[in-house]
Amino acid sequence: MYKVDLPVDESALRAVERRRAAEAERKNRIFNSRSRVIGVDLSVLHKQREENQERLEMDKQRDMAHDLLRLSLDEMAMQQKKEEEELRRELAQDMVQYRAIHQRAEDSRDADINYGRQAAPDASISVSDSALGPASMQVFLGEGMNENEKKRAQKEMNERNLRAQKEEREKQEREQKNRELLTGRELVEKDLRAVQLSALEEECKRAAHIALSHYNQAQAEERMEREQQERLRREGEELAEVRYMVTSDLLTERPEAAKRKTESSAEGPRVLTDRWKGMTPQQISEIHRKREEQCLEKERLREMERQRDVAWNYHLTEQARQQEREENRDKELQRERRIQLDKYNQQLAREQQAHQHYLDKQQYTNRPTVHYFTQFSTSSR
């Protein structure tokens with residue numbers, strides 16, 4: 001018969017794995033210290049969890065209030081920065097406009113040097129050129145003519161410039177005072193807003209503190225009430241236990257209390273160990289008789305066990321002897337086969353030597369010489 005690889009029974013393997021997993025789960029459940037703890041107060045644990053949740057909620061609300069305050073302060077700072085940039089831009093525009101109107105380059109004193117004159121002054125001379133010689137020129141072109149009018153016009157222009165500069169400086173001072181007043185007013189408003197926000201924050205903190213105080217007081221009162229109820233219950237239980245012990249069968253020592261019938265016992269009366277006062281002589285003699293019977297039965301079982309061990313040892317000895325005889329027989333057969341194999345190998349060796357001697361002495365006697373190899377590769381063909 002040929003060996004065939006039969007498919008493995010997967011159901012048996014799954015059953016074994018399922019039993020192993022169940023055993024591992026049972027060990028984890030039994031040897032888990034958290035599951036074996038007795039007396040865990042679930043109500044206190046739930047209460048602690050609720051207190052932690054309330055504390056986390058209060059912290060979350062306080063963080064949200066701080067975030068809102070921080071956002072409002074950031075918005076105020078951004079608005080102030082924006083207003084300052086707008087005011088700076090307006091001042092720059094006013095400065096550029098003032099320079100374009102009142103400080104033009106063509107209105108300066110040296111404008112005639114940098115720019116060409118639009119109209120030359122009147123250079124007429126009272127003395128005729130015919131009365132003066134080429135070397136007798138006393139007045140040059142544009143010199144000494146209308147000197148007083150020029151000085152008066154120059155003085156009036158200086159006064160106008162001074163007046164315009166004074167008015168501009170006064171205007172700038174008024175604008176600076178207005179800006180300072182606006183800045184001071186904004187600072188005062190910001191201070192007031194900060195004071196209001198701080199007051200609101202203090203009020204929120206005060207309200208939270210008051211609420212927390214009320215909550216702690218309510219918790220303390222509830223704990224005191226619970227402790228008082230627990231003390232009353234414990235005192236009632238202790239009084240009931242004392243009353244029961246005084247009127248129980250343990251202190252009265254009634255013998256018939258040990259043989260009372262119970263509703264849960266279906267076999268009739270049973271002995272209550274906490275009320276048992278001792279055995280009767282009949283019970284003691286019955287116990288001695290039962291013990292003697294048990295000793296005899298145990299001795300009989302021990303004798304049967306000894307006889308079975310002797311028979312089993314004899315069987316093992318016979319089996320060992322049989323196995324030893326079989327091993328000796330196998331060794332003798334192997335030795336005979338090895339002797340036959342050695343004889344067969346010797347015969348094969350002699351035949352091989354005879355064949356080799358035939359090949360060397362009779363068949364391969366014409367050995368090729370050197371002249372035989374020189375006749376090859378002597379032409380182009």
Side-chain angles (χ1 to χ4, degrees), residues 1-38 255-356:
M1 296 297 291
Y2 295 98
K3 295 178 65 178
V4 180
D5 295 333
L6 297 176
V8 182
D9 191 1
E10 296 293 339
S11 60
L13 296 178
R14 286 196 296 270
V16 172
E17 293 296 333
R18 185 167 59 253
R19 286 196 295 272
R20 288 178 180 174
E23 181 65 20
E25 183 180 0
R26 183 171 179 273
K27 288 182 180 179
N28 292 332
R29 186 174 65 254
I30 292 175
F31 296 107
N32 189 3
S33 59
R34 293 178 62 87
S35 300
R36 294 200 313 270
V37 174
I38 300 175
E256 60 273 11
K259 297 181 180 180
R260 182 176 299 172
K261 292 184 179 180
T262 57
E263 296 179 357
S264 61
S265 177
E267 299 177 356
R270 64 184 181 88
V271 177
L272 302 178
T273 57
D274 57 344
R275 297 172 179 81
W276 187 60
K277 302 302 180 180
M279 293 187 297
T280 61
Q282 293 81 7
Q283 292 176 347
I284 294 174
S285 62
E286 183 68 19
I287 289 174
H288 287 300
R289 186 178 62 80
K290 291 288 185 181
R291 186 173 61 183
E292 290 177 359
E293 291 179 356
Q294 291 177 0
C295 290
L296 293 175
E297 182 66 21
K298 187 174 182 181
E299 185 65 25
R300 186 178 62 82
L301 294 176
R302 190 181 295 111
E303 183 64 23
M304 292 176 62
E305 184 71 21
R306 187 179 63 79
Q307 292 178 3
R308 185 167 59 251
D309 293 341
V310 170
W312 180 252
N313 293 330
Y314 178 76
H315 176 69
L316 291 178
T317 303
E318 290 296 329
Q319 188 175 3
R321 290 175 181 175
Q322 183 67 22
Q323 186 175 2
E324 185 177 0
R325 286 194 294 270
E326 291 180 357
E327 289 179 355
N328 293 331
R329 190 182 302 108
D330 292 339
K331 290 180 180 179
E332 186 65 26
L333 292 175
Q334 289 179 3
R335 189 174 63 81
E336 292 178 358
R337 282 198 296 268
R338 187 160 51 262
I339 292 172
Q340 293 178 2
L341 182 61
D342 292 339
K343 291 180 179 179
Y344 179 70
N345 290 334
Q346 290 176 2
Q347 182 180 356
L348 291 177
R350 288 193 296 271
E351 292 178 357
Q352 185 178 6
Q353 290 177 0
H355 182 68
Q356 187 67 31

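All heavy atoms count here, side chains included; hydrogens, waters and symmetry mates do not.
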Does the pair R289/E292 count as a salt bridge with the N-to-O cut at 4.0 Å?
no

Using a strict 4.0 Å threshold on nitrogen-to-oxygen distance, state whether E17 and R14 make a salt bridge.
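Salt bridge between E17 and R14, a charged N being under 4.0 Å from a carboxylate O: no.
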
Worked check of side chain to side chain contact (heavy atoms under 4.5 Å, CB included) between E318 and R321:
CA-CA 5 Å; E318 290 296 329; R321 290 175 181 175; 3.6 Å; yes

State the [atom1]-[atom2] distance between [X] and [Y], to the nearest 0.5 angstrom.
X    : Y    : atom1 : atom2 : result
Q323 : N328 : CD    : CG    : 11.0 Å
E327 : Q334 : CD    : CD    : 10.5 Å
N28  : E23  : CG    : CD    : 10.0 Å
D330 : E326 : CG    : CD    : 7.0 Å
D342 : Q347 : CG    : CD    : 13.0 Å

Going by atom types only, do Q322 and R325 share a side-chain donor-acceptor pair under 3.5 Å?
yes

Look at atom [atom1] of [X] and say whether more than 12 heavy atoms of other residues, nucleotides or ligands are closer to it than 6.0 Å.
X    : atom1 : answer
R300 : CZ    : yes
E297 : CD    : yes
Q352 : CD    : no
E332 : CD    : yes

